[in-house]
Number of protein chains: 4
Amino acid sequence: MSAAADRRRDLIAAARQLIAEKGMAGFTLRAVAQAAGLHHATLLHYFPAKADLLHAVVEDLLQSLAAPLSGAAPVVIAQPQLRAIIAEFFDIRQRLHTDPAMFVVMSELQLHGRHDREVATQLSRLDEAWSRHLAHLLSEGVREGALRADLDVPAATEALMAETKGITMQAAAGGDLLALDRAIDVLAAQLEAYLRPS
Amino acid sequence: MSAAADRRRDLIAAARQLIAEKGMAGFTLRAVAQAAGLHHATLLHYFPAKADLLHAVVEDLLQSLAAPLSGAAPVVIAQPQLRAIIAEFFDIRQRLHTDPAMFVVMSELQLHGRHDREVATQLSRLDEAWSRHLAHLLSEGVREGALRADLDVPAATEALMAETKGITMQAAAGGDLLALDRAIDVLAAQLEAYLRPS
Amino acid sequence: MSAAADRRRDLIAAARQLIAEKGMAGFTLRAVAQAAGLHHATLLHYFPAKADLLHAVVEDLLQSLAAPLSGAAPVVIAQPQLRAIIAEFFDIRQRLHTDPAMFVVMSELQLHGRHDREVATQLSRLDEAWSRHLAHLLSEGVREGALRADLDVPAATEALMAETKGITMQAAAGGDLLALDRAIDVLAAQLEAYLRPS
Amino acid sequence: MSAAADRRRDLIAAARQLIAEKGMAGFTLRAVAQAAGLHHATLLHYFPAKADLLHAVVEDLLQSLAAPLSGAAPVVIAQPQLRAIIAEFFDIRQRLHTDPAMFVVMSELQLHGRHDREVATQLSRLDEAWSRHLAHLLSEGVREGALRADLDVPAATEALMAETKGITMQAAAGGDLLALDRAIDVLAAQLEAYLRPS
DNA sequence: AATGAATGAGCATTCATTCAT
DNA sequence: TATGAATGAATGCTCATTCAT
C-alpha cells in the first residue's frame with residue numbers, strides 16, 4: 001500500500017522489537033530509527049512525538065492480541081463453556097511459541113502504564129474487554145448448569161486474568177517454554193476441576 | 001549499629017520506594033540521594049556504582065520475602081501438605097495488604113533482570129528456592145497420599161509460580177485489592193479441587 | 001494579479017503577523033507556512049530561503065510606512081513647517097491605533113538588523129529617508145524664520161527620530177495606548193516650545 | 001569571595017555580552033559556557049535552567065541601572081527639580097559611552113519580555129521605579145512653582161520614558177554615538193523649554 | 001506548483017561518574 | 001565522611017534546507 005503506512009509499520013515493529021530486547025530503557029528514538037534504517041529526525045516525520053510512537057506500538061499490540069488464532073483448542077471437553085475457557089489457555093500457549101517477545105512487551109507496557117496515563121487507558125481497554133469476555137463465558141456456563149452453581153463469577157474472572165498475567169510474566173522473565181507449556185496444562189486442569197458442577 | 005550501615009539501609013529503602021513509585025526510569029542516583037537527604041556524590045561513597053545500590057535493593061527485597069509472616073493460614077484444611085501450599089497463597093494475600101509496593105518493585109526487577117545478569121541471578125535464587133520449596137511440599141503430599149497420585153510435580157510447581165507472579169503483576173498494575181483478595185481465594189480453591197486425590 | 005504574487009503577499013503577511021505575536025524566535029518557516037495554509041517546503045518555492053522571506057517582510061513594512069496616512073493633523077499651528085513636523089507625531093499616534101503590531105515588528109527588525117546586514121541596509125534606507133525628510137522640514141523652517149534661528153538641525157533630527165523610536169518601543173513593550181496618546185501630545189508640545197523662534 | 005559566586009558572575013557577564021553581540025538568538029547555553037570557559041553541563045550546575053541564567057542577567061542589569069553614576073550633571077540650571085530631570089538625560093548620555101552594550105541588552109530584553117512573563121515582571125519593576133521617580137520629580141516641581149502649573153504629570157512621565165527608550169533603541173541599532181550625544185542635548189533643551197513656567 | 005521524505009546541525013536538559021577539597 | 005565542580009554521553013525535539021516525485 002502506501003509507502004508511508006509501510007514505514008509506520010516498520011517503525012512500530014522496530015520499536016516493539018526494541019522494547020522486547022532492551023526494555024523501555026532501550027526504547028530510544030535514535031535506536032528505533034537506526035533499527036528501521038533512517039535518521040531519527042525522519043522518524044519524527046511519521047510520529048510527531050515519542051509518545052505517539054509508543055501509543056501506536058500499544059495499539060498494534062492490542063490488535064495482535066485481539067486477532068483470533070486459527071488453531072482450534074487441542075483438548076476436547078464435554079461442556080462448551082468450560083471448553084471455551086480452557087481454550088483461552090491453549091491460545092496463550094500457542095502464542096507463547098509463535099511470538100514470545102509479545103509477552104515481554106506486554107509486561108513492559110503494563111508496568112510502564114503505571115506512569116503513562118494514555119498507555120494505562122489503552123491497556124485497560126484490553127483488560128476490560130478480556131474481563132467481560134471471560135465473565136460472560138463463566139456466567140453463561142453457570143446459567144446452563146455447565147459450571148458449578150455457587151461460582152463467584154467476578155472473583156473467578158479476576159483469578160483467570162491473574163493466571164494469564166502470571167504466564168505472561170513467567171514467559172517474559174525468560175523461563176523455559178516447555179516447562180511453561182506443561183504448567184499451562186496444569187492450570188487448565190485445575191480450572192476444570194474447580195469449575196465442574198459437583 | 002554502625003552509622004554507615006544505617007545510611008546504607010536508608011539509601012536502600014529510598015531506592016526501593018522510588019522504584020515502587022516511579023519505576024526503574026525514576027530510579028536515579030540524584031533522586032535516591034535527595035530522598036535520603038544527602039548529596040548524590042556522597043551516595044557513591046556508600047555504593048560505588050548505581051548497580052551496587054540496585055543489587056543491594058534486590059538483596060534487601062529477597063530478605064523481606066524470605067522472612068515468614070507471623071499470621072497463620074486462616075483456612076483449615078485436612079491434609080497438612082495441601083494446607084501448607086494453600087497457606088502460601090494467603091501469605092501473599094496478607095503481604096498484598098501489608099506492603100503492596102513490594103509487588104511493584106518485584107515486577108520491575110523481574111523485568112529489569114532481563115538486562116542485568118546480576119539481578120537475574122539474584123532473582124533466580126529466589127525463584128529456585130521457592131520452586132524447591134513448593135516442589136518439596138507437592139512431592140511429599142503425593143508420597144503420603146494427601147495429593148493426587150498422578151500429579152506432574154514440576155509442572156504443578158511452575159503453575160503455582162505463574163499464579164503467584166500473576167497476582168504480583170495484577171497487584172502492580174494497580175488493580176482493586178479487595179477483588180484480588182477474592183481472586184486469591186478462588187485460586188486456592190482451584191488448587192484444592194485439583195490436588196485432591198480422586 | 002498573478003496567483004504567485006498573491007501567495008507571496010499572503011506569506012509576507014503571515015510572517016509579519018507571526019513576528020508581531022511571537023517575536024523573531026517564533027518566525028519559523030513551518031509556522032509561516034502553516035499560517036498561510038501551505039506546506040513549508042512549498043514556501044521555499046516562493047522564497048528560496050528564509051532570509052528572502054524576511055527581507056520581503058522588511059520591504060513590505062517599509063512600504064506600509066512610506067504610504068501617507070489620509071488623516072489630517074488634528075492640531076492647527078500657525079507656522080507651516082512646525083505644523084508638518086508636529087503632524088508626524090500625530091501620524092504615528094494614529095498608526096499606533098490602526099496597526100499597533102507594526103511597531104512591534106519594527107522593533108524586532110531593528111534589533112535583528114544588528115546581525116543581518118541586508119535587513120540593516122533596508123532599515124537604514126528608511127532611517128535615511130526619514131532623516132532627510134525631517135532635516136529638510138527643519139532647515140526650511142529655520143530659513144523661513146518659522147523655527148528658532150540657532151537650531152542644530154542634525155541634532156534635532158536625531159532627537160526626533162529617537163522620540164519616534166521611543167514611542168515605537170514603548171508601544172511594543174505593551175504599554176497603555178491611551179497613556180501613550182497623551183505622551184505623544186506632550187512630546188509634540190515640547191517640540192513646539194523648543195522650536196519656536198524666541 | 002566565594003569561587004561559586006565568581007563563576008556565577010562570570011557566567012552572567014558572558015551571557016550579557018553574548019546577548020549584546022549576537023542577540024537573544026545567540027544566547028545559547030553552549031555559547032555562554034564556552035565563553036566562560038567551561039562545559040555546558042557545568043553551567044547548569046550554577047543555574048539549573050537557562051531561564052534562571054537569563055533572569056539573573058536581567059537582575060544584574062537592573063542593579064547596574066540602579067547604581068547611581070558618580071558624575072554630576074554637567075549642566076547648570078536654575079530650578080533644582082528641572083535640573084534633576086535634565087540630569088537623568090546626561091546620566092544616560094554618560095552610560096552610553098561607558099557601557100553601550102547595556103542598551104542593546106536592555107532593548108533585547110524588553111522585546112523578549114513580551115514572551116517571558118518573568119522577564120516582563122522584572123523589567124516592569126524597573127519601569128515602575130523609574131516612572132515613580134520621574135513623576136515625583138515632576139509633581140514636586142509643579143508644587144514648588146519650578147515647573148509649569150498646568151503640566152499633565154502622568155503624560156509627561158510617559159513622554160520622558162519614551163524618550164529614554166528611544167535613545168536606548170537608537171543606540172542599540174548602532175547609531176553614531178556622537179550624533180546621539182548632541183541629540184540628547186536637544187532633548188534636554190526641549191524639555192527645559194517645555195517645563196519652564198510661563 | 002506542490003508536497004512528502006529525508007537529513008545534519010543544534011538545543012536544553014539529564015545522568016552516572018570522577019576528582020579535588 | 002561529605003560535597004561542589006566538572007564532564008562526556010545521551011535523549012527528545014526543532015529547524016532550515018534539499019531532493020524526488
Side-chain angles (χ1 to χ4, degrees), chain A residues 2-8 11 25-33 36-54, chain B residues 2-4 6-8 25-33 36-54, chain C residues 2-4 6-8 25-33 36-54, chain D residues 2-8 11 25-33 36-54:
Chain A
S2 135
D6 281 354
R7 274 279 203 234
R8 281 184 137 80
L11 286 165
F27 171 46
T28 281
L29 289 190
R30 280 167 169 85
V32 173
L38 45 80
H39 195 272
H40 69 272
T42 308
L43 187 159
L44 291 167
H45 182 70
Y46 295 95
F47 297 95
K50 189 190 187 184
D52 297 318
L53 173 55
L54 180 60
Chain B
S2 117
D6 280 355
R7 274 272 206 246
R8 288 173 69 97
F27 170 46
T28 281
L29 289 192
R30 279 170 165 84
V32 172
L38 45 80
H39 195 269
H40 68 273
T42 309
L43 187 157
L44 289 167
H45 194 72
Y46 294 95
F47 298 96
K50 190 189 187 184
D52 298 317
L53 172 55
L54 181 61
Chain C
S2 117
D6 281 354
R7 273 273 206 244
R8 288 173 70 97
F27 170 46
T28 282
L29 289 191
R30 279 170 165 82
V32 173
L38 46 80
H39 196 270
H40 66 273
T42 308
L43 187 158
L44 290 167
H45 192 73
Y46 295 93
F47 298 95
K50 191 188 186 184
D52 298 318
L53 173 55
L54 181 60
Chain D
S2 137
D6 281 355
R7 273 278 204 236
R8 282 183 138 78
L11 286 166
F27 171 45
T28 281
L29 289 191
R30 282 168 168 83
V32 173
L38 43 79
H39 195 272
H40 69 274
T42 308
L43 187 159
L44 291 167
H45 182 70
Y46 294 95
F47 297 95
K50 189 188 187 184
D52 297 318
L53 174 55
L54 180 60

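What you see below is based on every heavy atom in this structure, not just the backbone, and it leaves out hydrogens, waters and symmetry mates.
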Please give, in whole Å, the distance from dA9(E) P to K50(C) NZ?
19 Å
What is the nucleic acid contact for T42(C), judged by heavy atoms within less than 4.0 Å: base, sugar-phosphate only, or nothing?
base
Send over the distance from H39(C) NE2 to dA1(E) C1', rounded to a whole Å.
14 Å
Show the numbers, then the answer: is there a side chain to side chain contact (heavy atoms under 4.5 Å, CB included) between Y46(D) and L53(D)?
CA-CA 8 Å; Y46(D) 294 95; L53(D) 174 55; over 6 Å; no
Symbol by symbol from the 5' end, with Watson-Crick or G-U pairs under 3.5 Å, [ ] crossing and | another strand, DNA chain E is .||||||||||||||||||||
L54(B) CG to dA16(E) P, straight-line distance once rounded to whole Å:
12 Å
Using the side chain to side chain contact (heavy atoms under 4.5 Å, CB included) rule, take R7(C) and L38(C) through it: C-alpha gap first, then chi angles, then the decisive distance, then the call.
CA-CA 10 Å; R7(C) 273 273 206 244; L38(C) 46 80; 3.4 Å; yes
The residue, A25(B) or L38(C), whose nearest nucleotide of DNA chain E is more 5′ is L38(C)
Distance below 4.0 Å between H45(A) side-chain N/O and dA5(E) OP1 or OP2
yes
Kindly give the atom pairs (protein nitrogen or oxygen, nucleotide nitrogen or oxygen) under 3.5 Å for nucleotides 18-21 of chain F.
none

Polar side-chain contact R30(D)-dA12(E) base: donor and acceptor under 3.5 Å:
yes
Rounded to whole Å, how long is the line connecting atom CG of L29(C) with atom C1' of dG4(E)?
16 Å
Which of these nucleotides, dA5(F), dA16(F), dA12(E), is closest to any side-chain atom of T28(D)?
dA12(E)
Send over the distance from Y46(A) OH to dC13(F) P, rounded to a whole Å.
18 Å
Gap between atoms CZ and P, on F47(D) and dG4(F) respectively (whole Å):
16 Å
Any side-chain heavy-atom pair from L54(D) and F47(D) closer than 4.5 angstrom?
no
Length of the CG-C1' vector between L11(A) and dA5(E), whole Å:
12 Å
When you check the phosphate oxygens OP1 and OP2 of dG4(E), does a side-chain N or O of R7(A) lie under 4.0 Å from one of them?
no
Residue met sooner reading DNA chain E from 5', once F27(D) and L43(A) are mapped to nucleotides:
L43(A)
